[in-house]
Amino acid sequence: MRRTVTLSALAAVLAVTAAGSALAVGTASKPTSKPTSKSEPKAESVRASAADRARQQRGTLLDRVPERGVLKVCTTGDYRPFSHRDPTSGAYTGIDIKMAGDLAKSLDAKPAFVPTTWATLVDDLVAGRCDVGMGGVSVTLERARKAYFSEPYLTDGKTPIVRCEDKDKYRTLEEIDKPGVRVVVNPGGTNEQFARAHVEQATLTVHPDNTTIFDEIIEGRADVMMTDASETRYQSAIHPELCAVHPDEPFSFSEKAYALPRGDAQFKEYVDQWVHLATHDGTYQKYEDEWMKRMKRSKR
């Protein structure tokens, strides 16, 4: 009798053990949901990180440019003295065109210029259509969210350019932003952003061609353009009818640098060092002097 009771108790223990094991297996087989966290990155941040990783996996441009022997340069070709594309021959000239050739040579490559616009320059760089953006590109926080910038090579700022007879008439933003004053601006870049931020009462006209926009002032169809001091100096040098208004004391502060693909730290470090040397060993100054002298000769 005692043996029968013992065997019954043992059977009961084994049954309980088996049921517990089955419960444990069933629980383990159910998928567990990942706890949400407020610190998880947003979808757009994840996509940006993925794009950066993809660039890193392809390797740095510091290696790829010498391997292919070509440095692809995005430039608008409409911003003298930095970048100008001849409409007939298609040839590019300008200070930054010379600098592009110097950068390419330092990488055992040749420059290949990729046409772009001020509205699409950074997007073209992000899409991989070029390795660097050059041609008087101003550093902005909006652009810096998508691209790296090299060490700056020039300090600049927005200032007016007018017919010389009006040089004392439009010296302040208050004098410019009045009913009856005609302000002209080129589209898609920092000039348009500045004008739209400060012109409320004057008439603002967007002129699509930055290579002919100064003719609008010369011919009397516009009164003022506000652009970088470096451009006002250049345009007043080649057009005796135009005067740069206080270019040494512009309305704003900005810097010009070269736009680079975000995520390629090695290439940025190299370009930074190249810019530092070029702006201290006379290379940049030589190209600037050559361009200005050539333009003054062509004006005669």
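- Of the N and O atoms on the side chains of Glu269 and Gln266, not one donor lies less than 3.5 Å from an acceptor on the other residue.
- For Thr232 and Thr159, the side-chain atoms include no donor-acceptor pair closer than 3.5 Å.
- Formation of a donor-acceptor pair under 3.5 Å by the His239 side chain with backbone atoms of Leu242 is not found in this model.
- The main-chain N or O of Thr120 is found under 3.5 Å from a side-chain atom of Thr117 such that the two form a donor-acceptor pair.
- Looking at Asp272 and Lys268, a side-chain N of the basic residue comes within less than 4.0 Å of a carboxylate O on the acidic one, giving a salt bridge.
- Here the closest heavy-atom approach between residue Asp264 and residue Tyr148 is recorded as N-CE1, 3.8 Å.
- By the 30° and 60° cut-offs, the orientation of the rings of Trp118 relative to Tyr79 is perpendicular.
- For Asn191 and Thr227, the side-chain atoms include at least one donor-acceptor pair closer than 3.5 Å.
- Looking only at side-chain heavy atoms (C-beta outward), Cys130 and Val73 stay at 4.5 Å or farther from each other.
- In this structure, Thr172 contributes its side chain and Glu175 its backbone to a donor-acceptor pair below 3.5 Å.
- Counting heavy atoms from C-beta on, the side chains of Phe113 and Arg85 never come closer than 4.5 Å.
- Atoms NE2 and CE, from His198 and Met226 in turn, are 8.0 Å apart once rounded to the nearest 0.5 Å.
- Partner Glu216 forms a salt bridge (charged side-chain N to carboxylate O under 4.0 Å, His left out) with one of Arg221, Arg182, Arg163 and no other, that one being Arg221.
- The shortest distance between side-chain heavy atoms of Val199 and Phe194 does not fall below 4.5 Å.
- Using modelled atom types and a 3.5 Å distance limit, the side chains of Asp96 and Tyr153 yield a donor-acceptor pair.
- Between the side chains of Ser230 and Asp156, at least one donor-acceptor pair of N or O atoms lies under 3.5 Å.
- Note: His84 NE2 to Thr211 OG1 = 7.0 Å, rounded to the nearest 0.5 Å.
- Closest approach of Pro160 to Tyr170, counting heavy atoms only: CG-O, 3.8 Å.
- When side chains are defined from C-beta on, Val271 does not count as touching Val132, because their heavy atoms never get closer than 4.5 Å.
- A salt bridge links Asp228 to Lys256: at least one charged side-chain nitrogen sits closer than 4.0 Å to a carboxylate oxygen.
- Between Asn210 and Glu231, some side-chain heavy-atom pair lies under the 4.5 Å cut-off.
- Put simply, the side chain of Asp86 never gets that close to the backbone of Ala91: no donor and acceptor are under 3.5 Å apart.
- For Lys110 against Ala104, the heavy-atom pair with the smallest separation is C-CB, 3.8 Å.
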